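Chain letters run A, B, ... following the sequence lines, proteins first, then strands; residues in each count from 1. Please read all numbers here as calculations on a predicted model, not as lab measurements.
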Protein chains: 2
Amino acid sequence: MRYPKLFEHITALAPLPASEWLKAETLAREQALDKRALFLRPGDAADRFGLVLQGVFRAVRVSARGEESIKAFRAEGEFIGAYAEMLQGQPSMTAIEALEPGRVLAFQANDLQSLETGHPCWAQLARRVAERHYLLKERREQEFLDLSAEERLERFWQEHPHLHGRVPQRDVAAYLGITEVALSRIVSRRRKRAE
Amino acid sequence: MRYPKLFEHITALAPLPASEWLKAETLAREQALDKRALFLRPGDAADRFGLVLQGVFRAVRVSARGEESIKAFRAEGEFIGAYAEMLQGQPSMTAIEALEPGRVLAFQANDLQSLETGHPCWAQLARRVAERHYLLKERREQEFLDLSAEERLERFWQEHPHLHGRVPQRDVAAYLGITEVALSRIVSRRRKRAE
DNA sequence: AGGCCGCCTTAACCTGGGTTAAGCCCAGGT
DNA sequence: ACCTGGGCTTAACCCAGGTTAAGGCGGCCT
């Protein structure tokens with residue numbers, strides 16, 4: 001087994017025989033990415049995804065008017081890919097970009113088809129992955145409905161302490177749905193209040 | 001088969017043998033709800049869900065400070081239930097309320113366990129349901145990130161034309177994440193511009 | 001009919017975040 | 001050591017939306 005740590009991450013989601021994981025490893029390909037390099041670019045077919053071995057990535061949606069907003073940050077052990085577009089068989093409208101030099105274990109979505117027909121554990125995993133993605137988005141929805149930008153910021157750091165120092169402030173702003181100017185204001189407001 | 005129309009709705013999500021659907025029907029119980037009646041109330045165990053036969057429902061989250069925000073509207077053929085809490089085995093933090101007199105086909109989540117072990121189509125359906133819920137929330141996230149309240153309103157009516165005249169304006173506001181006062185302003189602004 | 005209630009509107013005022021633009025700080029490159 | 005550029009901060013001004021409060025308009029009940 002070449003990636004025991006990832007195997008642990010995965011089995012925490014759904015039980016998976018080691019033998020099946022070994023099969024998956026043979027389908028995967030390790031990929032190194034420089035800082036700022038794109039794992040996926042908008043327009044690409046959304047037929048591949050990766051598991052982060054090393055580094056932090058951001059999923060960016062570039063809107064029609066050219067503004068970018070950030071859908072998620074992903075670090076070690078997490079999935080990267082244009083999940084929504086993959087489910088719908090559409091080309092990616094999302095860029096996945098490395099914020100630091102990183103390494104990814106990359107899969108071709110089609111290759112997993114064969115695993116899935118071979119053993120039911122993969123369907124189970126796919127379900128868990130969908131459910132987990134849902135829960136994350138649900139939480140985010142609630143934050144937008146009930147919280148101010150300042151409260152969202154506070155909660156962001158509570159929930160993503162491991163990102164501290166690894167993501168630029170402007171990206172945090174784009175994740176919260178505000179501008180970097182507004183975020184800077186909020187931060188200095190909090191600094192003053194803390195004295 | 002007592003509910004052929006629901007069967008169609010469901011098979012559009014994932015193929016399902018009619019024989020399996022018949023088994024499910026025996027587990028279900030029809031329930032009538034008056035206007036304003038709650039299918040689920042906060043604090044209830046989130047172990048039941050329903051399929052809407054008739055009526056429009058709203059899923060309401062009541063925050064700690066007593067403000068209510070609306071997570072979704074659900075009409076004929078759609079699922080109602082505290083899906084997130086069910087996945088996590090938590091009590092419901094959501095109320096599901098009838099906006100009109102309605103009828104629901106209600107299931108006990110545990111009862112489906114037996115169906116699931118009997119035929120793989122149910123696991124497949126569960127996966128599709130999770131994926132669909134995810135896609136809905138993803139779309140909503142994007143709207144909060146990229147659109148103004150006015151644009152969100154416009155898109156709301158594009159995507160939910162069947163709700164026209166069936167949901168009070170204050171609830172639309174709570175769905176969009178603004179107050180009813182702000183929504184009223186937006187509507188009258190648009191009215192003026194349209195002349 | 002009269003009165004009440006639920007829902008929507010309007011207005012006045014306040015605040016948080018957007019926009020634009022200038023400046024600062026620091027790391028990297030030459 | 002100097003420049004450069006990227007990322008952050010600050011300030012001034014504007015506008016969307018929140019808050020509070022006062023009606024308005026049906027529909028429904030007795």
Side-chain angles (χ1 to χ4, degrees), chain A residues 34-37 56 58 60 62-70 73 97-101 143-157 163-195, chain B residues 34-38 56 58 60 63-70 73 97-101 143-157 163-195:
Chain A
D34 295 332
K35 181 171 176 171
R36 311 246 90 197
V56 176
R58 57 174 199 167
V60 187
V62 181
S63 79
R65 319 176 191 54
E67 301 138 9
E68 44 180 58
S69 56
I70 294 197
F73 297 104
E97 182 183 336
L99 291 176
E100 332 168 331
E143 290 170 5
F144 278 114
L145 282 171
D146 301 344
L147 304 181
S148 67
E150 179 162 356
E151 292 167 312
R152 294 206 298 282
L153 173 65
E154 190 157 355
R155 190 155 317 176
F156 176 80
W157 287 122
L163 294 180
H164 217 93
R166 300 178 80 182
V167 318
Q169 192 152 307
R170 87 147 66 86
D171 286 336
V172 176
Y175 179 84
L176 297 176
I178 60 180
T179 61
E180 65 174 330
V181 180
L183 178 52
S184 178
R185 255 191 312 236
I186 290 171
V187 170
S188 75
R189 200 156 62 209
R190 287 165 61 79
R191 226 189 344 249
K192 258 168 215 147
R193 233 176 306 158
E195 285 161 10
Chain B
D34 295 332
K35 181 170 175 172
R36 313 244 89 196
L38 299 178
V56 176
R58 57 174 199 166
V60 187
S63 80
R65 317 174 193 56
E67 301 137 10
E68 45 180 58
S69 56
I70 295 198
F73 297 104
E97 181 184 337
L99 291 176
E100 333 168 331
E143 291 171 5
F144 277 114
L145 283 171
D146 300 346
L147 303 181
S148 67
E150 179 161 357
E151 293 167 311
R152 294 207 298 281
L153 173 65
E154 191 158 354
R155 189 157 314 178
F156 176 80
W157 287 122
L163 294 180
H164 217 93
R166 301 178 79 182
V167 318
Q169 192 151 305
R170 88 148 67 86
D171 286 337
V172 176
Y175 179 84
L176 297 177
I178 60 180
T179 61
E180 65 176 330
V181 180
L183 179 51
S184 178
R185 256 191 312 238
I186 291 172
V187 169
S188 75
R189 199 156 64 207
R190 287 165 61 80
R191 227 189 344 251
K192 258 168 213 145
R193 233 176 307 157
E195 285 161 9

Check: C:dT15 P sits how many Å from A:Arg185 CZ, rounded?
Finding: 15 Å
Note to self: Quick check on contacts: within residues 143-154 of chain B, what sits under 4.0 Å from DNA chain D by heavy-atom distance?
What the structure shows: B:Ala149
Next item on the list: Provide, to the nearest angstrom, the distance between the CD1 atom belonging to A:Ile186 and the C1' atom belonging to C:dT15.
Entry: 13 Å
Notebook entry, point to check: Who pairs with A:Arg189 by salt bridge (Lys or Arg N to Asp or Glu O under 4.0 Å), at least two apart in sequence or on another chain?
Noted result: A:Glu150
Item checked: Global bending angle along the helix from C:dA1-D:dT30 to C:dT30-D:dA1, which compares the axes of five pairs at either end, to 10 degrees -> 30°
Item checked: Integer-rounded Å distance: C:dG17 P and B:Ile178 CD1 -> 16 Å
What nitrogen or oxygen pairs link the protein and nucleotides 6-8 of chain C at under 3.5 Å?
residue, atom, partner, partner atom, Å
C:dC7, OP2, B:Arg170, NH1, 3.2
C:dC7, OP2, B:Arg170, NH2, 3.2
C:dC8, OP1, B:Gln169, N, 2.8
C:dC8, OP2, B:Arg170, N, 3.3

Check: Over how many whole Å does the gap from B:Leu183 atom CG to C:dT9 atom C1' extend?
Finding: 11 Å
Checklist line | Closest non-hydrogen atom pair, A:Leu145 against B:Leu176 | finding: CD2-C, 4.5 Å
Notebook entry, point to check: So, is A:Ser188 close to the D:dT9 phosphate, meaning a side-chain N or O under 4.0 Å from OP1 or OP2?
Noted result: no
Check: Can you give one letter per nucleotide of nucleotides 21-30 of chain C, 5' to 3': B if a protein heavy atom sits under 4.0 Å from the base, S if only from the sugar-phosphate, - if neither?
Finding: ----------
Note to self: Tell me every residue that passes side-chain hydrogen bond (donor to acceptor under 3.5 Å, both in side chains) with B:Glu151, counting only those two or more places apart in sequence or in another chain.
What the structure shows: A:Arg65, B:Ser148
Check: Angle class for the B:Phe156/B:Phe73 ring planes (parallel below 30°, perpendicular above 60°, tilted otherwise)?
Finding: perpendicular
Next item on the list: Under the side-chain hydrogen bond (donor to acceptor under 3.5 Å, both in side chains) rule, collect the residues that match up with B:Glu97, sequence neighbours excluded.
Entry: B:Arg36, B:Arg58
Taking distance alone, no hydrogens or angles, what donor-acceptor pairs closer than 3.5 Å link side-chain atoms of residues 178-188 of chain A to residues at least two apart or in another chain?
residue, atom, partner, partner atom, Å
A:Thr179, OG1, A:Ala182, N, 3.2
A:Ser188, OG, A:Arg185, O, 3.1

Check: Who pairs with B:Ser69 by side-chain hydrogen bond (donor to acceptor under 3.5 Å, both in side chains), at least two apart in sequence or on another chain?
Finding: A:Asp146
Item checked: For B:Arg190 against B:Glu154, the heavy-atom pair lying closest together -> NH1-OE1, 3.5 Å
Check: Any side-chain heavy-atom pair from B:Arg152 and B:Tyr175 closer than 4.5 angstrom?
Finding: no
Next item on the list: Would you mind reading off the distance between A:Arg189 atom CZ and D:dT9 atom C1', rounded to a whole angstrom?
Entry: 14 Å
Checklist line | N/O (side chain, B:Thr179) to phosphate O (OP1/OP2, D:dG18) under 4.0 Å | finding: yes
Item checked: Rounded interatomic separation in angstrom, taking CG from A:Leu176 and P from C:dG16 -> 16 Å
Next item on the list: Using side-chain hydrogen bond (donor to acceptor under 3.5 Å, both in side chains) as the criterion, list what pairs up with B:Arg166, not counting sequence neighbours.
Entry: B:Glu76, B:Glu100
